[in-house]
Structure formats: structure tokens, C-alpha cells
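Below, each value reflects all heavy atoms present in this structure, side chains not excepted, and no hydrogens, waters or symmetry copies. Numbered from 1 within each chain, the chains take letters A, B, ... in sequence-line order. Model, not experiment: these values are computed from the prediction.
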There are 2 protein chains.
Amino acid sequence: MTPALPQPTRAELAILRVLWKLGPCTVRQVHESLRDTQDKDTGYTTVLKLLQNMTEKGLVQRDESERTHVYEAALSEKRTQRDLLRDLMDRAFGGSATTLVAQALSMKRASAEELAEIRKLLDEHEKRGK
Amino acid sequence: MTPALPQPTRAELAILRVLWKLGPCTVRQVHESLRDTQDKDTGYTTVLKLLQNMTEKGLVQRDESERTHVYEAALSEKRTQRDLLRDLMDRAFGGSATTLVAQALSMKRASAEELAEIRKLLDEHEKRGK
DNA sequence: CGACATCTACGACGCTCGTCGTTGACACTT
DNA sequence: AAGTGTCAACGACGAGCGTCGTAGATGTCG
């Protein structure tokens, strides 16, 4: 089992999303990508500090072979999503996946394509269970 | 539209879960219920302080007509779950309900009953969309 | 009445998080 | 060599959170 890293905070998760999308990045690349995506814009040194903290925690890995360091997400997007979802499920849904899915469906009037997609997932899941 | 209260923190959510389960409670009742459920146990004044903070934020409503105040959750459990799920969906899943549901399913090898339940939800949801 | 329990209120502390200013190292240009 | 720009590192700050000690008000029982 992987050692269960600390949960990323909001700001950290925003950075991870950039790393997942772009792959390994310098601080500057992350900063500029955030500038594009984000509403509020974050100072360069803030992003740097965040990335340093995340290195400390093990959320990212740093390549310092060059003067300009390159950061990379330590965990996959899927894995992190699962961890976060698991946490929320325990904290707010009493561990019930069913309730969680129900809320997810009722929340968003899911589009027809989405519904079909989910149905397909269900089928595959069931098949695998056999 | 309801004014979108601040998100409850971890500790606050634990308290809300007690209030949802037991209905309106005194501080002492909440404290003791937490003592039962929780691993780590929280001091009485801590719970009191938390509830005072939550009153400040509007997360709970306080009846102070009696000397011993009675607290009640301001928002329904469902509503809060939706808010939290929406937030996580935006922050970690790029707003995709499908991805979220997929992860929820893959996370827990859902039991047969759960799968059937979810399928039923899907049907109802589709019908309602018509 | 007086002692004791119960409850709320107030203030403090330690911690984490996000933010930034500043500094010093390194590189490039002229 | 001097000037300019980029970068990582460090330290600081303010806010929010969870924790608690203590004080002060109010009730209860002898």
C-alpha cells in the first residue's frame, strides 16, 4: 500500500491540476497556467512557496538537476481523486457510496450523454463483478 | 436562491452530523454523542466554541429562550451534501459528474444491492428528465 | 442563605495555510 | 566588468481553525 500522503489543500490541488494537465513544469509555467485558468491571480513567489511545501510533504517531486527546477505530481490524478472522494464520503455521507452517487445525479441535471456514459460504467462494473 | 453559507470545516461537519441524526441538541448532548462516535475525544468547551462559531457563520441556529441553549442545523443534510459534492467536483474533477461517479464506483466494489439501487436512481432520473 | 454544579462567554495559544518582500546566487548582454 | 533579469531560498505576517483555561452568570440542594 502507498503510504497515504497528506491531503492537498485547495491551493495545492489547483497546482496539481496544472501539473496533471501539462506534465512536469517549472514554477513559471505553473504560475502562468494558473494566471490563465484562475479567477484570482497568485503571485509568483506564492506558487513557488506552495510547490516547496508540497515537495516537503511529498505531493510533488522536484528535479533540481538544472538551475530551473522542474516539478511533477507525485500521485496520479485518479488516485488523488479517489482519496479525496473517499474522504468526503466518510465525512459527509457516512461512508455510503450510494447516497453519494444519488446526490451527484440529483445535483446536476446530467445531460443525456452523461447519463448514458454512467449507465455504461454501471454495466462494466457489474460485468467485472461476476 | 439560498445565500450559500460558508463550507463547514471537518470538526464542524462532525457536529452537523450529530445534529442531523439527533435533531436539535444542547451542547452537552452534542458533546456526548461525539464522545461515542468519535475516535479522538473533544473537550466540552471546544464543542461549545465550535457551536458558537457556527452560529456566527449561520451554519446552525440557536434557541436561547432557555438557559441551556439548543442548537439546530441551519441547512438540511442533503443540501449540505450537495454543496460539498459540488465543491469537490469543481475542484478535483473539472466539473465532470461522470468522472466523479466513475471514481465512486471504482473505489468501492459496490455490492449488488447498491448497484441495483443506483440503477434505479438512474431510471428515475431519466424519467424525470422527460 | 450558602455551597456546589452547570452552563455560556471571553480570551489565549499553537498550528497550518496562503501570501508576499527581500536576499543572494547564477546567467546573459553590452 | 557592470548592469539587468531570473531564479530559489528564507523569513514574516495575517487569518482561520481547533483547543482549552478561566471567569461569570444562573440554577439546585442542603
Inset, instruction - Kindly write out the residues that satisfy salt bridge (charged side-chain N to carboxylate O under 4.0 Å, His left out) with A/Asp87, not counting sequence neighbours, or none if the list is empty. - result: A/Arg91, B/Arg10
Legend entry - Atom pair distance, as rounded to whole Å: CD in B/Glu66 and P in C/dT8: 12 Å
Legend entry - B/Asp63 side chain near B/Glu72 side chain, heavy-atom distance below 4.5 Å: no
Legend entry - B/Gln52 side chain near C/dT8 phosphate (N/O to OP1/OP2, under 4.0 Å): no
Legend entry - Verify same cluster id: B/Val27, B/Val70 (apolar side-chain graph, 4.5 Å): no
Inset, instruction - Would you mind telling me which of C/dT6, C/dA9, C/dA27 lies closest to the side-chain atoms of B/Arg67? - result: C/dT6
Legend entry - Pairwise distance CD(B/Glu77) to CZ(B/Arg17) - rounded to 0.5 angstrom: 6.5 Å
Legend entry - Side chains of B/Ile15 and B/Met54 in contact at under 4.5 Å (non-hydrogen atoms): yes
Legend entry - Heavy-atom contact window of chain B on DNA chain D, given 5' to 3' at under 4.0 Å: D/dC17 to D/dG27
Inset, instruction - Take nucleotides 11-22 of chain C nucleotide by nucleotide from the 5' end and write B, S or -, depending on whether a protein heavy atom sits under 4.0 Å from the base, only from the sugar-phosphate, or from neither. - result: B-----SSBBBB
Inset, instruction - Could you check if a side-chain atom of B/Leu22 sits within less than 4.5 angstrom of a side-chain atom of B/Ser33, using non-hydrogen atoms only? - result: yes
Legend entry - Exercise: identify the closest heavy-atom pair between B/Leu59 and B/Leu16: O-CD2, 4.1 Å
Legend entry - Spacing of A/Leu85 atom CG and B/Thr99 atom OG1 [to the nearest 0.5 Å]: 11.0 Å
